[in-house]
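To keep things clear, I will list the structure first and then write my remarks on it.
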Amino acid sequence: MIKCLIWDLDNTLFAGVYLESAGQSPPVDPGPAAVLAELAGRGILQAIASRNPPQAASYAAQATGHQFAAAQCGWGAKSDAIAAILHDLGLTPDEVAFVDDDALERGEVSFALPGVLVLAPEDLPEALGWPQFSPPIITAEGRRRGELYIQRRARQAEAAAFGGSPEAFLRYCGTQVRIGRAGPADVPRLHELSVRTHQFNSAGLVVSEATLAELLTAPGHQVVTVRLADRFGDDGLVGGGVIRSAESTWQVPLLMMSCRAMGRGVIGPLLTWIGLEAARVGATEVAVACVVNERNVPLRIALASAGFRASDADASPADTSPANASPADTSLADASAGQPAWARPAGRSPGPNRTVAYRIGLDRPLAGLPDWVVTDD
């Protein structure tokens with residue numbers, strides 16, 4: 001999925017050149033502007049990388065009526081501007097597309113950032129129908145994604161000027177994390193998270209709405225949600241997971257979190273809550289099954305920071321079960337590293353994408369939940 005479309009301005013989003021308009025800014029080209037509005041409505045972020053002064057980005061926002069999630073205006077290489085946007089938004093090259101009328105600029109970006117999807121303006125009408133630009137589901141949170149990134153920028157600017165600890169800043173922001181049981185109305189958003197989340201997706205794959213709906217009532221299972229808000233805005237449902245409870249070990253075959261929640265006091269408290277709930281009913285261990293790939297390093301770091309330790313002995317063997325299979329079609333019985341069939345990609349072989357169980361014992365007192373966390377219990 002493309003999460004962000006990055007625009008050149010001159011002769012691309014603009015019908016003309018900003019610095020050559022003789023005192024009158026060029027109009028916005030109605031064709032590209034319509035594409036921008038359509039993709040923004042699909043929850044795809046919009047950004048600017050242009051050889052222009054910063055005022056050009058401000059004019060683009062005013063002329064289109066759209067708040068861009070990021071803008072890099074200057075005279076350096078377009079690939080450097082795009083790399084800065086990737087860093088700013090926490091995205092990887094294969095999650096963004098770039099549109100520019102200049103073939104040399106497109107070539108420079110393709111060479112320097114081969115993962116970026118590079119487009120010419122004439123590609124845009126057809127691109128609207130491409131799968132990369134067509135999310136299978138768009139929730140209320142998805143439609144607000146651009147707005148949420150604007151709030152994120154304001155939050156980051158205030159954090160940079162704040163003199164206290166990260167925990168003190170979370171309290172200063174009025175952070176509230178709510179953990180509770182999922183209901184049927186949460187299923188579309190949980191599915192959307194599985195589609196869009198890579199850095200914090202323990203199963204490393206899309207989980208269908210049918211599977212999630214069935215898990216809501218599956219014996220011995222809990223589907224949990226995490227919501228996040230602070231004084232900058234309400235992010236809504238930012239995370240969730242599936243827990244399979246047993247007498248001695250609680251297994252977590254799926255843990256998902258939006259990258260917007262990173263560093264905002266969410267993932268650590270969620271792992272603590274799972275441990276506290278497991279200990280409350282007499283379990284002695286929590287095991288989070290996590291596929292090992294290049295993209296979910298942040299999740300594995302978070303697990304290690306919370307005291308979980310990986311066991312190489314839990315690496316999963318090759319599996320041939322259908323991807324995204326529903327419990328109606330495949331058993332929820334245990335697999336290696338605690339992964340049921342629905343949480344194992346088809347045809348995976350041992351190696352870079354093996355699944356490892358991150359385990360923590362509950363034989364010692366666990367830290368309590370921070371004061372910004374509330375539960376539905």
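No hydrogens, no waters, no symmetry mates; every other heavy atom, side chains included, goes into these values. From a predicted model like this one, the values you see are computed outputs, not experimental measurements.
- Residue Arg295 is tested with Thr92, Thr197, Asn201 for a side chain to side chain donor-acceptor pair (under 3.5 Å); the sole match is Thr92.
- Contact of the Val207 side chain with the Met256 side chain is not registered, since no non-hydrogen atoms from C-beta on lie closer than 4.5 Å.
- Between Arg51 and Asp102, none of the side-chain N atoms (NZ, or NE/NH1/NH2) sits under 4.0 Å from a carboxylate O, so this pair counts as no salt bridge.
- The cluster map of Ile, Leu, Val, Met, Phe, Trp and Tyr, joined by side-chain heavy atoms under 4.5 Å apart, puts Phe169 and Leu228 in different clusters.
- In this structure, Leu89 and Cys4 have side chains that are in contact, with non-hydrogen atoms separated by less than 4.5 Å.
- For Arg171, the side-chain contact (heavy atoms from CB on, under 4.5 Å) partners at least two apart in sequence or on another chain are Glu167, Asp371, Trp372.
- By the 4.0 Å N-to-carboxylate-O rule, Glu277 lies close enough to Arg280 to be salt-bridged with it.
- Side-chain contact check for Leu128 versus Leu124: every heavy-atom pair is 4.5 Å or farther apart.
- Residues Pro135 and Glu192 fail the side-chain proximity criterion, which asks for heavy atoms closer than 4.5 Å.
- Proximity of Ser258 to Asp235: side-chain heavy atoms (C-beta onward) are nowhere separated by under 4.5 Å.
- No more than 12 heavy-atom neighbours from other residues, nucleotides or ligands sit within 6.0 angstrom of CD on Gln62.
- Checked against ring-ring contact (aromatic ring centres under 6.0 Å, His included), Phe68 has the following partners two or more places apart in sequence or in another chain: His66.
- Leu216 has its side chain within reach of Val187: a pair of non-hydrogen atoms, C-beta onward, lies under 4.5 Å apart.
- Remark: the backbone N or O of Ile44 is paired with a side-chain donor or acceptor of Gln46 at under 3.5 angstrom.
- A distance-only check finds a donor-acceptor pair linking the side chain of Glu108 to the backbone of Ser79 [under 3.5 Å].
- Under the side-chain hydrogen bond (donor to acceptor under 3.5 Å, both in side chains) criterion, Thr225 pairs with Arg227, sequence neighbours left out.
- Scanning for ring-ring contact (aromatic ring centres under 6.0 Å, His included) contacts around Tyr59 gives Phe14, with sequence neighbours left out.
- A donor-acceptor pair is defined here as one N or O able to donate and one able to accept, closer than 3.5 Å; such a pair exists between the side chain of Ser165 and the backbone of Ala168.
- Within the 3.5 Å criterion, the main-chain N or O of Ala97 finds no donor-acceptor partner in the side chain of Gln132.
- Geometrically, Arg300 does not engage Phe308 in a cation-pi contact, judged by NZ or CZ lying under 6.0 Å from the ring centre and within 45° of the ring axis.
- Residues in residues 60-78 take part in these salt bridge (Lys or Arg N to Asp or Glu O under 4.0 Å) pairs, two or more places apart or across chains: Asp8-Lys78, Lys78-Asp100, Lys78-Glu105.
- Within the structure, ring-ring contact (aromatic ring centres under 6.0 Å, His included) contacts touching residues 87-112 (residues at least two apart or in different chains) do not occur.
- For Glu147, the CD atom is densely surrounded, since the number of other residues' heavy atoms within 6.0 Å is greater than 12.
- For the pair Asp101 (side chain) and Thr12 (backbone), a donor-acceptor distance under 3.5 Å is absent.
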Criterion side chain to side chain contact (heavy atoms under 4.5 Å, CB included) on Asp186 and Leu212, from CA distance to verdict: CA-CA 9 Å; Asp186 299 318; Leu212 289 163; over 6 Å; no
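- Using a 3.5 Å distance cut-off with no hydrogens or angles, the side chains of Arg231 and Tyr172 do pair a donor with an acceptor.
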